[in-house]
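Chain A is the first sequence line, chain B the second, and so forth, proteins listed ahead of strands; every chain is numbered from 1. What you are looking at is a predicted structure, and each value in this text was computed from that prediction instead of being measured. All values below were derived from every heavy atom in this structure, side-chain atoms included, with hydrogens, water molecules and symmetry-related copies excluded.
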2 protein chains.
Amino acid sequence: MSDLFPKKGHDHDRCVHSAIAQAEKVCDDASARFTDMRRKVFTLIWQSHKAVTAYELLDALTSEGQRVQPPTVYRALEFLTDLGLVHRIESLNAYFGCDRPDCDHLGQYFICTECGRVAEEVNEDMSNAVRKAAGNVGFAIQATTVEIKGLCHDCATH
Amino acid sequence: MSDLFPKKGHDHDRCVHSAIAQAEKVCDDASARFTDMRRKVFTLIWQSHKAVTAYELLDALTSEGQRVQPPTVYRALEFLTDLGLVHRIESLNAYFGCDRPDCDHLGQYFICTECGRVAEEVNEDMSNAVRKAAGNVGFAIQATTVEIKGLCHDCATH
DNA sequence: GCAGAAAATGATATATTATAACATTTCAAC
DNA sequence: GTTGAAATGTTATAATATATCATTTTCTGC
């Protein structure tokens with residue numbers, strides 16, 4: 001059984017650094033600016049493998065000493081989601097760092113209701129099932145939201 | 001091609017009456033009360049094949065002469081969603097009447113971004129793909145959200 | 001029928017999530 | 001260094017949702 005969720009005690013700094021490196025590349029390729037604020041928000045989102053709300057980000061930025069208003073955070077989030085660096089989890093009103101922003105994908109999200117962690121998977125069976133179901137009824141897909149709540153393997157077995 | 005969305009000019013009164021009849025049965029079977037307020041909210045939701053926000057319901061109830069507060073609407077919605085009579089569309093923060101409340105299902109929702117209509121499908125391929133993907137990673141499913149935005153056949157071809 | 005318990009609704013206040021509108025600052029290109 | 005575009009700051013408010021306690025309605029057992 002592959003483990004979608006990161007192991008406890010994994011080297012999280014590596015996740016963060018890798019994510020930032022990828023984000024820099026994506027921004028560069030898009031001629032978009034990875035500004036200080038955007039970098040801060042992105043880094044905060046990557047502090048954990050959980051989804052983070054806009055106001056949690058706001059609070060975190062504020063306690064870092066900045067006085068930041070909601071539009072600032074929402075603008076950064078919009079920028080990051082538009083580039084695919086961050087995904088919005090609709091069922092949580094929260095935001096989650098994508099670890100494969102370079103590939104164009106219809107992602108699926110597993111959300112553990114016990115530990116709060118989120119994991120993204122790009123699963124061809126699911127994407128194909130969605131595309132096929134849409135095709136059958138003449139529906140032209142623009143965007144998909146697939147969010148699955150439950151217990152991750154760690155929480156289910158401990 | 002099967003048409004998931006109802007035809008223009010269909011007999012919508014029939015949809016409404018059938019939905020109410022089913023709701024009465026579901027409530028009866030659950031020994032739950034289909035009170036006046038719940039019936040009103042449910043009927044309002046079924047006025048169209050679109051998803052309706054809580055505050056749209058509130059406004060509709062108010063213009064019917066009642067002075068209703070948010071908790072009243074949210075309580076009715078909670079009751080109806082708990083029984084599976086209504087589904088919440090996460091990506092719209094809105095509520096949608098289920099036309100098969102009696103079968104326990106993981107529903108998928110097609111949302112037309114042009115006409116606003118929503119259609120529910122219970123698609124085994126999709127459910128199975130979700131279950132299989134979860135199984136592969138040892139994830140115990142509690143709930144799923146599958147929402148697909150795009151153009152319905154009518155809007156795509158006209 | 002009636003008392004008491006439980007369920008539902010009413011009422012008030014407030015929390016949470018998000019955006020509109022306009023001012024100011026920063027930055028890159030020239 | 002000027003300028004125009006992009007980004008951020010600032011203020012206000014919209015939209016969505018819930019907590020809490022009071023009152024009313026309904027159900028149950030007698």
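- Taking 4.5 Å as the limit, every side-chain heavy atom of Q108(A) sits out of range of all side-chain heavy atoms of E120(A).
- Within the 4.5 Å cutoff, the side chain of R117(A) has heavy atoms near those of the C152(A) side chain.
- R75(B) is linked by a salt bridge (charged side-chain N to carboxylate O under 4.0 Å, His left out) to nothing, counting only residues two or more places apart in sequence or in another chain.
- Reading DNA chain C from its 5' end, the first and the last nucleotide to sit under 4.0 Å from a heavy atom of chain A are dT17(C) to dC27(C).
- Applying the side chain to side chain donor-acceptor pair (under 3.5 Å) rule to pairs touching residues 42-57 of chain B yields H10(B)-H49(B), H12(B)-H49(B), sequence neighbours excluded.
- If you chain together ILVMFWY residues whose side-chain heavy atoms come under 4.5 Å of each other, L4(A) ends up grouped with F5(A), F110(A), M126(A), V130(A), V137(A), F139(A), I141(A), V146(A), I148(A), L4(B), F5(B), F110(B), M126(B), V130(B), V137(B), F139(B), I141(B), V146(B), I148(B).
- Remark: P of dT16(D) and CD of E90(B) are 14 Å apart, rounded to the nearest angstrom.
- Checked against side-chain contact (heavy atoms from CB on, under 4.5 Å), D13(B) has the following partners two or more places apart in sequence or in another chain: D11(B), H17(B).
- Annotation: side chain of F34(A) is in contact with side chain of L80(A) (closest heavy-atom distance under 4.5 Å).
- Summary of helix geometry: the two end axes of the helix from dG1(C)-dC30(D) to dC30(C)-dG1(D), each defined by five base pairs via their C1' atoms, are inclined to each other by 40° (rounded to 10°).
- Between the P atom of dA7(D) and the CG atom of L77(A) lies a distance of 15 Å, rounded to the nearest Å.
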N/O-N/O pairs, protein side and nucleotides 17-19 of chain D side, under 3.5 Å:
residue, atom, partner, partner atom, Å
dA17(D), OP1, R88(B), NH1, 2.6
dA17(D), OP1, R88(B), NH2, 2.8
dA17(D), OP2, Y74(B), OH, 3.0
dA17(D), O5', Y74(B), OH, 3.4
dA17(D), N7, Y55(B), OH, 2.7
dA17(D), N6, Y55(B), OH, 3.4

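- Taking 4.5 Å as the limit, some side-chain heavy atom of V68(B) sits within range of a side-chain heavy atom of M37(B).
- Grouped with V122(B) in a hydrophobic cluster is no other residue, since no side-chain heavy-atom contact under 4.5 Å to another Ile, Leu, Val, Met, Phe, Trp or Tyr is found.
- Salt bridge annotation for D154(A)-K7(A): absent, with no cationic side-chain nitrogen under 4.0 angstrom from a carboxylate oxygen.
- Among residues two or more places apart in sequence or in another chain, the side-chain contact (heavy atoms from CB on, under 4.5 Å) test is passed with N136(A) by K132(A).
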Acceptor/donor pairs from residues 58-65 of chain A side chains to any protein atom, 3.5 angstrom cut, sequence neighbours excluded:
residue, atom, partner, partner atom, Å
T62(A), OG1, L58(A), O, 2.9
S63(A), OG, D59(A), O, 3.2
S63(A), OG, A60(A), O, 3.1

Please list, one pair per line, the donor and acceptor atoms closer than 3.5 Å that link side chains of residues 88-101 of chain B to other protein atoms, with sequence neighbours excluded.
residue, atom, partner, partner atom, Å
R88(B), NE, E90(B), OE1, 3.0
R88(B), NH1, Y95(B), OH, 2.9
R88(B), NH2, N93(B), OD1, 2.8
S91(B), OG, E147(B), OE1, 2.6

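- Near DNA chain D, meaning a heavy atom under 4.0 Å away, the residues from residues 24-44 of chain A are R33(A), T35(A), M37(A), R38(A).
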